[in-house]
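The structure appears below as structure tokens.
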Amino acid sequence: MTIEDRWGGDFKLPTRYLFDVYYILGMMKLAKEGDLGLFTHITTDSLGAPFIGQLNDFPEAERAIVWFGGQIARVVGLMPAANLILILSCIVAAVSFYTAARFWKISRLSAWVFAVVYAFLPHNQRSLDSLGIIFTGLLPLQFYCLWYIATVQKVSWRSFRFRLTLLIGLLSGFLSIYWVFFFVQMYILALVCRLLKRRAGSITALIPVAGTCLVAGLCLGSFVLYRIDYGANPAALVRSYFDIEIYSIKPMELLIPHWGQDMSFFSDFFSRYYEGGRINVGERLWGIYIGLVAIAGLFFLFFKSIYRQIHKRAPSLPFLAACWVIAYSSFGGIHAAFSLIFNFYNIRSTNRYFVAIATLGFLYFVFVINRYMRSWSFGVRLGALLLIALLGLMDQSYQNYLYPRYDITTSVIRERVMADRDLALRLEDRLEPGAMIYILPAQDFPEPLVGRGAWKLGFFIYDPIRPFLHSTKLRYSYGSNKGRAGADWQLDVQELPPREMAATLGSYGFSGILLNRKGYGDLGKQLLTEFAEAGWPMEFEQGVGSEWVFIPLKPSENPILPTLTPYALSAAQ
């Protein structure tokens, strides 16, 4: 197969759809090597050459989870550790659901059966590129603790449930910032319910949420301190009001499954939606369908709440929580208003809160069905629960198994991973330890979406970090946060003529250029020809379809630096 056959045309490549997978793996590798700690600045010699790569301008939203994965990687390796973290997210979800269900006096049988179904909600079947976002297994226990805070007559240190709430509060601080923010919102709602009922111990009830904020502050504190020490870097994290609306929840999609188009009886209904010019809002790639079990639970919850209102009884906390999440996170909702008023857009993807809505519905469904089946014989109850569980799992997993987001065979993924590993090994055999390699085409890190450092054709998003994942001795130009001179110099260098580019990189101390053909419309033929004519021919090409090309350079014995103040300079305001 020729290079043109492999990489020509429209560049619809397997790696194009891996999106943030390489980013997560890169951060996990930094944690494995000790460069990414829980509470310290994130710096590394392996990235951002010739400087010390800094990754402190772009807040690591799931820092604790990535760090934990890095510790596992020290024992089992990077790729197995990533898979173990994904499996662990499902296990935590199941255990959390079972424990919360038992606290609510739901039978062991019902709790276990539905804990398994809950562990495989569509949200939990997402892949590694959503590692921090899918780690939502604490939600059932969080909701139980919120219910305790809202309803208990008096909060006491001696209470096991209070100590549990404190523990869950502390653990919640280690989650992705999205879920820290969510838990704080829900906790405030529980406190408001408590205050309205004038129950004692409200000051003590603040301790768990204060612990959440403290832990989250410690995890994110290094980013704040870095900004204070080196000045603002507005180019590192670019957000706008557009992000707030386009990544919000469209409530209708909570109820509409993608698999509906495959059912002939309902195909006309679903085609009116999917083929009728709908606006793509929120989780466009994954969808936010919550599943039939959660939908049934929401129906029971809202019906019960209407009944309570008719009989002049106060609405329940689960009903208030569901209403708040929907109103807060929906398109043009409360979150949009807050963001616009305060001109703050960093917490943008409120579509991710659909899993909280699913959890509320799921819990309430199990509560209702357990009460309804209480008088049934064990055999009948077991059969009914298994049938419901089977239907629930089929409903939730149908799309992921038959129409996966990553339509890539395992053999193709393995081929890519092994090819990247072989490339890194060959480079390390060829070069001295600590040798610096310049990646072409140069791209911003992270989120290379616009401007000079945007991703190039088929060289997608975080592809430049792939060689680093398998390296132990080399340093790469890519990987320092964009917006400062210590990272942006490489964008200027790639615009130089090949002869001048090679000479300049050699003066900086680089030992070679690693060019990826996918970043060029002609697969890099012209550029490689110009390098060769200037006296810098390629030494070898390697990888799937020979995508990587290595051009050796002559590093200066007395290298200079592209800029003298790489970190203190921020991008243009």
Side-chain angles (χ1 to χ4, degrees), residues 1-23 129 235 238 285 406-408 412-413 415-417 419-420 422-423 427 437-469 476-479 482 487-505 510 512-553:
M1 179 180 292
T2 66
I3 294 173
E4 289 81 357
D5 291 335
R6 188 78 190 202
W7 304 122
D10 60 2
F11 294 99
K12 291 183 178 178
L13 311 174
T15 50
R16 173 169 181 163
Y17 299 102
L18 294 180
F19 209 56
D20 288 346
V21 170
Y22 294 130
Y23 174 83
D129 61 354
V238 180
L285 296 174
Y406 299 139
D407 191 12
I408 316 170
V412 171
I413 296 177
E415 180 186 20
R416 173 56 47 77
V417 172
D420 289 346
D422 292 343
L423 170 67
L427 288 171
I437 297 177
Y438 179 77
I439 300 288
L440 270 180
Q443 293 183 185
D444 283 335
F445 178 82
E447 297 185 350
L449 303 177
V450 296
R452 291 192 305 156
W455 62 279
K456 311 296 192 300
L457 299 176
F459 195 43
F460 195 61
I461 306 296
Y462 300 115
D463 274 358
I465 210 170
R466 284 162 45 198
F468 161 72
L469 298 179
Y476 295 90
S477 60
Y478 176 79
K482 62 184 177 181
D488 293 349
W489 67 268
Q490 58 187 309
L491 304 180
D492 298 326
V493 170
Q494 78 169 341
E495 296 174 355
L496 298 174
R499 182 186 300 274
E500 188 176 347
M501 185 191 305
T504 300
L505 289 172
F510 281 86
I513 296 172
L514 189 60
L515 178 147
N516 193 289
R517 296 181 182 274
K518 296 185 299 179
Y520 302 91
D522 65 346
L523 303 177
K525 288 183 178 180
Q526 180 178 348
L527 187 58
L528 290 171
T529 299
E530 292 176 0
F531 270 119
E533 292 175 348
W536 307 99
M538 71 174 180
E539 179 175 304
F540 64 83
E541 53 187 356
Q542 195 162 333
V544 178
S546 299
E547 60 173 314
W548 295 101
V549 178
F550 178 70
I551 303 168
L553 300 175

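- When every heavy atom of Leu423 is checked against every heavy atom of Pro467, the shortest pair comes out as CD2-CG, 4.3 Å.
- The CG atom of Leu505 sits 6.0 Å away from atom OH of Tyr438, with the distance rounded to the nearest 0.5 Å.
- Taking CD of Glu447 as the reference point, atom CH2 of Trp455 lies at 14.5 Å (rounded to 0.5 Å).
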Could you walk me through whether Leu491 and Asp444 satisfy the side-chain contact (heavy atoms from CB on, under 4.5 Å) test, starting with their C-alpha distance in whole Å, then the side-chain angles of each, then the deciding distance to 0.1 Å, before giving a yes or no? CA-CA 8 Å; Leu491 304 180; Asp444 283 335; 3.5 Å; yes
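- No side-chain donor-acceptor contact under 3.5 Å links Lys518 to the backbone of Lys456.
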Step by step, would you call Tyr22 with Phe468 a side-chain contact (heavy atoms from CB on, under 4.5 Å)? CA-CA 10 Å; Tyr22 294 130; Phe468 161 72; over 6 Å; no
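- Here the rule is ring-ring contact (aromatic ring centres under 6.0 Å, His included) with Phe510, and of Trp489, Tyr476, Phe550 only Trp489 fits it.
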Apply side-chain contact (heavy atoms from CB on, under 4.5 Å) to residues Asp420 and Leu469 and explain how you reach the verdict. CA-CA 8 Å; Asp420 289 346; Leu469 298 179; over 6 Å; no
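- What you find for Ala487 and Lys482 is that their closest heavy atoms are CB-CA, 4.2 Å.
- Here Leu527 contributes atom CG and Met538 contributes atom CE; the two are 12.5 Å apart, rounded to the nearest 0.5 Å.
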Going through the checks in order, is the side-chain contact (heavy atoms from CB on, under 4.5 Å) test met by Val21 and Tyr462? CA-CA 8 Å; Val21 170; Tyr462 300 115; over 6 Å; no
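- Atom OH of Tyr478 and atom CG of Asp463 lie 8.5 Å apart (nearest 0.5 Å).
- Atom CZ of Arg452 sits in a crowded spot, with more than 12 heavy atoms from other residues, nucleotides or ligands closer than 6.0 Å.
- Considering every non-hydrogen atom in both Ile437 and Ile513, the closest pair reads CG2-C, 4.5 Å.
- Note that CG of Leu440 and CZ of Arg517 are 13.0 Å apart. Values are rounded to the nearest 0.5 Å.
- For the pair Pro448 and Gly453, the tightest heavy-atom approach, listed with the atom from each and the gap, is CB-O, 3.3 Å.
- Interatomic distance, CZ of Phe460 versus CD of Gln443, reported as 9.5 Å (0.5 Å rounding).
- Heavy-atom minimum distance, Met501 versus Gln494: CE-O, 3.5 Å.
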Show me the donor-acceptor pairs within less than 3.5 Å that the side chains of residues 528-537 make with the rest of the protein, sequence neighbours left out.
unit_1	atom_1	unit_2	atom_2	d
Thr529	OG1	Lys525	O	2.8
Glu530	OE2	Gln526	NE2	3.1

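- Ring centers of Phe445 and Tyr23: under 6.0 Å apart, within the cut-off.
- Nearest heavy-atom pair across Ser477 and Gln490 is O-NE2, 3.6 Å.
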